[in-house]
Amino acid sequence: MKQKKTRLRAISLNYDLFQHETLRPPAPATLYTKILQDAARPLPIVTPPVKLPGQSLPTIAELYRIFDELNWLYWSGKLPSVTIKYSKRMLSAGSYTPSSKLIKLGQKYHQLFPHELVDTLKHEMIHILHYYHDAKFKAEAERVGTSIKATYHPSLQRPPKFVYECPKCRREYPRHKRMRMHSCGSCSGRRFDIRYKLRLKK
Ligand SMILES: [Zn+2]
Ligand SMILES: [Zn+2]
C-alpha cells in the first residue's frame with residue numbers, strides 16, 4: 001500500500017515537467033477542427049521565383065562549390081585555390097590572372113549564355129596549369145571536355161569609343177582607338193590627303 005502511494009507521487013511529479021498545453025486532451029479530430037486549425041495557422045509566404053537579369057547566375061559561394069567539385073572530378077583536388085569573381089565590365093567569357101590567382105567570369109556573357117558557365121569555369125581552371133592555349137592546354141581541354149573558344153554574340157562587342165567623319169562625304173569611321181593622321185579612304189584613295197583628314201565627331 002505504501003509502495004503504491006509513492007509511485008503515484010512520482011507520476012504526478014513527472015506530469016509537472018510537461019507543459020500545460022500538452023496535458024490538455026486533444027479535441028476529437030474531425031474535419032471541422034482540422035479546418036479551424038488550418039485557418040488559425042498563418043499562411044506561408046510564398047515568394048514566386050522571379051528571374052531578374054543578373055540574378056539567374058550562380059552566387060559566388062556556389063561558384064566556389066562548383067570549382068571544388070570540378071577540381072576533385074578532374075584534377076583529384078590538386079588545383080590550388082583561387083579567387084573567383086564576376087566581372088560586370090568584361091565582355092568575354094572569362095579570364096585567369098596568374099599573378100593574383102584570380103578567375104574572372106564575364107557577367108554579361110553568361111547572362112546571354114548561362115549554360116556555358118561551367119564550361120567557362122573549366123576552361124579558366126585549365127589556365128591555372130597552362131597559361132597559353134597551347135598543345136598542353138588543348139589536350140587538357142579535351143580530357144575534361146571543355147571548349148577552347150567562347151560563343152560569339154554581337155551585343156558583346158564593345159561600342160566604338162570614337163567616331164570620325166570625313167569633312168567632304170560625311171562617311172563615318174567608328175574606331176576603338178584615337179586616329180591622328182588619317183584621311184577618308186573613299187575621297188583620298190590610298191594616300192593621306194589633308195583635305196579629307198578625318199575629324200572627330202564624338
Ligand atoms: Zn583561355
Ligand atoms: Zn570622304
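In each ligand, atom 1 is the first atom listed, and ligand 1 is the first ligand listed. Atom set for the values below is all heavy atoms of this structure, side chains included, hydrogens, waters and symmetry mates excluded.
Put simply, the angle at the Zn ion (ligand 1) from NE2 in His133 to NE2 in His123 is close to 100°, to the nearest 10°. Here the Zn ion (ligand 2) is the vertex; the SG atom in Cys184 and the SG atom in Cys166 give an angle of 100° (to 10°). Considering the Zn ion (ligand 2) as centre, the angle to SG of Cys187 and to SG of Cys169 is 110° (10° rounding).
In this structure, a donor-acceptor pair under 3.5 Å is present between the side chains of Thr120 and His110. Neither side chain, Tyr74 nor Glu140, offers a donor N or O lying under 3.5 Å from an acceptor on the other.
The nearest N/O/S atom of His127 to the Zn ion (ligand 1) is NE2.
Salt bridge absent: Asp134 and Lys136 never bring a charged side-chain N and a carboxylate O closer than 4.0 Å.
Side-chain contact between Met179 and Lys197 is absent, with no heavy-atom pair separated by less than 4.5 Å.
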